[in-house]
Amino acid sequence: MKIRIPATAKAILDALHARGYEAFVVGGCVRDSILGRVPADWDITTNAKPEEVKRIFSRTIDTGMKHGTVTVLVGTRQHEVTTYRIDGKYSDGRHPDSVTFTPSLTEDLKRRDFTINAMAYNDETGLVDLFGGVEDLQKKLIRCVGNPLERFSEDALRILRAVRFSAQLNFSIDENTIAGIVILAHTLSRISAERICTELVKLICSDHPEYLKVAYEAGITRVILPEFDEMMKTPQNNPNHMYDVGTHTLVSMMNVKPEKILRLTMLLHDVGKPSCRTTDENGIDHFRGHGEAGVKIAQDILRRLKMDNATMQTVLTLIRFHDCRVLPQERQVRRLMSRTGTDLFHDLIRVQEADILAQSQYRRDEKLQNIIAVTQLGEKIIREKQPVTVHDLAITGKDLMDAGVPEGPEIGQILKAALDEVLDDPAKNNRDYLLHLAARMARR
Ligand code: ATP
Ligand code: MG
């Protein structure tokens, strides 16, 4: 087995070897190379201690000295170089309590989570695969290194990582490993929100976001995202739908690009439905107000997961308007755009399209045609730089003050009224007209 190591990582291996140390590329990059996937990063494992690594390389960053990790810069690339180590227990769910350096590569590989992640390689020794990683790659299997119960007890995050890797690689999870997951899923409650969030985002941004269902069936979402379990239990007896809310959510994620904002939005777009469901006299389910209700619940979830604020706000805006259907009339499209902003307009269209594609066939073509027409109008509005926000108006707050409107809430009210007229008819976005309008309003 020969793996093509990029020149920068090779330079680091060579420098360590030249000084008598062992060094290998390890983990995800070995796995991905064997699979023919492009590795995200090339991590290195070595018996050199962190201080020794720092002495050898001129440009380094102390990434996690306590855990033995030094980042080495070669040209513009960075590689994490970590000393062979044995991890202690993760009692706080964040970091191993203690880390012991070891001279043994075997010990370092043993501490790793799954067989496919526990392989090392260099050109001199070739592949080091002590736990059947290659075989599991061939069998498309996620399997713990060693006893699953022990490994999940050391660090419960591995429970979620198993599903994350299975979603990224389209692998199944080994029988014993899944049995361990089911038994210990509840212990994910001890893991920090940040670590959960990272893995959850990787799961839903993978090629198979629908594997979230595996997490549901194994009792994982019950702990980290109980709102999803509610969705799985909420039927939608309505001609527009063919799935329960949870399954609709999974299918909607499959129908949108694997970008964090879009996938998170689809994950949570209908989170308001379980609490808004009503059934009419014909047995048809309705979910009035679920967009707004969902914004509140989604905000709680994203805060709980410690999602960064910018991502959270964007996702919440998309959820708020996901169900805001407009007819293909310029005026309506301008109004929608004035609420989302032009930047988010395209994302909102993608969200609405993914939503439709996860519904029943009922009037689907009509819904999709509508989306296409709205998109075209939106593009025309953007291309023509039509005014859609207060900032696009031909007058400013300062103009109004110069014209004698006192500073205060009235300024905002007038600008809003001006925008309202301009959204109906962009031709009215001229200074004279709007100043007249303002004067009329100020007199009232
Ligand atoms: P990605 O492509 O997502 O970065 P990766 O396999 O590199 O995948 P990382 O989370 O970057 O995953 O971890 C790098 C390596 O460190 C893994 O391949 C695995 O060997 C080991 N590892 C990471 N987290 C854990 C953990 N919680 N328990 C045990 N080993 C782990
Ligand atoms: Mg990695």
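As the structure lists them, so they are numbered: ligands from 1, and atoms in each ligand from 1.
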Engineer: Counting heavy atoms not belonging to Arg339, are there more than 12 under 6.0 Å from its CZ?
Structural biologist: no
Engineer: Taking Asp113 first and then Arg143, would you say they form a salt bridge - that is, a charged N and a carboxylate O separated by under 4.0 Å?
Structural biologist: no
Engineer: Ion pair present between Asp62 and Lys54, side-chain N to carboxylate O less than 4.0 angstrom?
Structural biologist: yes
Engineer: Decide, yes or no, whether a salt bridge links Arg303 with Asp300 under the criterion of side-chain N to carboxylate O below 4.0 Å.
Structural biologist: no
Engineer: Near ligand 1, which protein residues have a heavy atom under 4.0 Å away?
Structural biologist: Gly27, Gly28, Arg31, Arg111, Arg112, Asp113, Asn117, Asp155, Arg158, Arg161, Arg164, Phe165, Arg195, Lys202
Engineer: Do Lys49 and Glu51 meet the salt-bridge criterion of a basic N to acidic O distance under 4.0 Å?
Structural biologist: no
Engineer: Please determine if Lys139 and Glu135 form a salt bridge, counting it only when a charged side-chain N lies under 4.0 Å from a carboxylate O.
Structural biologist: yes
